[in-house]
Amino acid sequence: MSAELDPVIHPAHRLRICAMLVAGTTLELSVVKEHLDLSPSALSKQVAALVDAGYVKQERRGSDSRRVWLSMTRQGARAYRNHVAALQEIVASTAAPAVDAHR
């Protein structure tokens, strides 16, 4: 296996956050919260882990400082792609062989 699972991205909620952000979009934290159906404290913990790793950028914009925006960093996008590749390799290597229909 050439790609490796990333322990920061691997937890399901963090993986889903990365999947939402990897398209190069910037999303408001409230949109991510609604999509994942997480409590504010649970979401904050997951986002903090991604921010601390340098994978996600968190910022406040404009006059409404209550609104928080998230975007994927280049490092985060690279880590996410590598993590997904590792998952795909695992799935491909463990796929059940085709069953012979003539048996």
Side-chain angles (χ1 to χ4, degrees):
M1 182 184 302
S2 60
E4 293 186 21
L5 294 175
D6 187 305
V8 174
I9 295 174
H10 194 66
H13 291 304
R14 291 185 210 155
L15 180 61
R16 293 178 69 200
I17 291 167
C18 290
M20 291 178 71
L21 298 174
V22 78
T25 59
T26 299
L27 294 175
E28 189 175 357
L29 185 64
S30 64
V31 171
V32 176
K33 179 188 171 299
E34 288 175 26
H35 185 74
L36 298 180
D37 195 29
L38 288 174
S39 70
S41 62
L43 178 60
S44 177
K45 181 179 176 181
Q46 301 306 319
V47 169
L50 293 166
V51 169
D52 289 347
Y55 293 173
V56 170
K57 180 177 159 185
Q58 181 175 315
E59 61 186 334
R60 298 178 189 276
R61 297 181 179 171
S63 61
D64 188 355
S65 64
R66 295 172 297 174
R67 296 175 74 182
V68 176
W69 298 87
L70 302 175
S71 58
M72 197 74 139
T73 65
R74 286 184 187 157
Q75 176 188 357
R78 190 170 36 254
Y80 174 78
R81 286 190 304 271
N82 188 55
H83 186 79
V84 169
L87 291 171
Q88 290 171 333
E89 286 179 15
I90 290 169
V91 170
S93 69
T94 58
V99 176
D100 185 358
H102 298 290
R103 285 189 168 182

Atom [atom1] of [X] and atom [atom2] of [Y]: how far apart are they, to the nearest 0.5 Å?
{"X": "H10", "Y": "E4", "atom1": "NE2", "atom2": "CD", "result": "13.0 Å"}
{"X": "I9", "Y": "R81", "atom1": "CD1", "atom2": "CZ", "result": "10.5 Å"}
{"X": "M72", "Y": "I17", "atom1": "CE", "atom2": "CD1", "result": "10.0 Å"}
{"X": "I90", "Y": "L5", "atom1": "CD1", "atom2": "CG", "result": "4.5 Å"}
{"X": "L38", "Y": "K45", "atom1": "CG", "atom2": "NZ", "result": "11.5 Å"}

Qualifying residue for side chain to side chain contact (heavy atoms under 4.5 Å, CB included) with L70, from T25, T26, V32, V31 = V32
Let me know which of V47, L50, L21 forms a side chain to side chain contact (heavy atoms under 4.5 Å, CB included) with Y55.
-> L50
Do W69 and L29 share a hydrophobic cluster, counting only Ile, Leu, Val, Met, Phe, Trp and Tyr and linking them when any side-chain heavy atoms are less than 4.5 Å apart?
->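 Looking at the clustering, L29 is in a separate group from W69.
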For H35, check ring pair (Phe, Tyr, Trp, His ring centres under 6.0 Å) against everything at least two apart and list the hits.
->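 Checked H35 against ring pair (Phe, Tyr, Trp, His ring centres under 6.0 Å); zero matches.
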In chain order, what residues pass the ring pair (Phe, Tyr, Trp, His ring centres under 6.0 Å) check against H13, with sequence neighbours excluded?
->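 None.
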Hey, could you give me each pair passing salt bridge (Lys or Arg N to Asp or Glu O under 4.0 Å) that has a residue in residues 19-38? Not counting sequence neighbours.
->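 Pairs touching residues 19-38 that pass the test: E28-R67.
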Write down the atom of A49, the atom of V8, and the distance for their closest heavy-atom approach.
-> O-CG1, 3.9 Å
Between D6 and H83, what is the shortest heavy-atom contact and its length?
->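 In terms of heavy atoms, the two residues are closest at N-ND1, 2.8 Å.
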Output yes when a side-chain donor or acceptor of S44 lies under 3.5 Å from a complementary backbone atom of P40, and no otherwise.
->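 Such a contact is absent between S44 side chain and P40 backbone.
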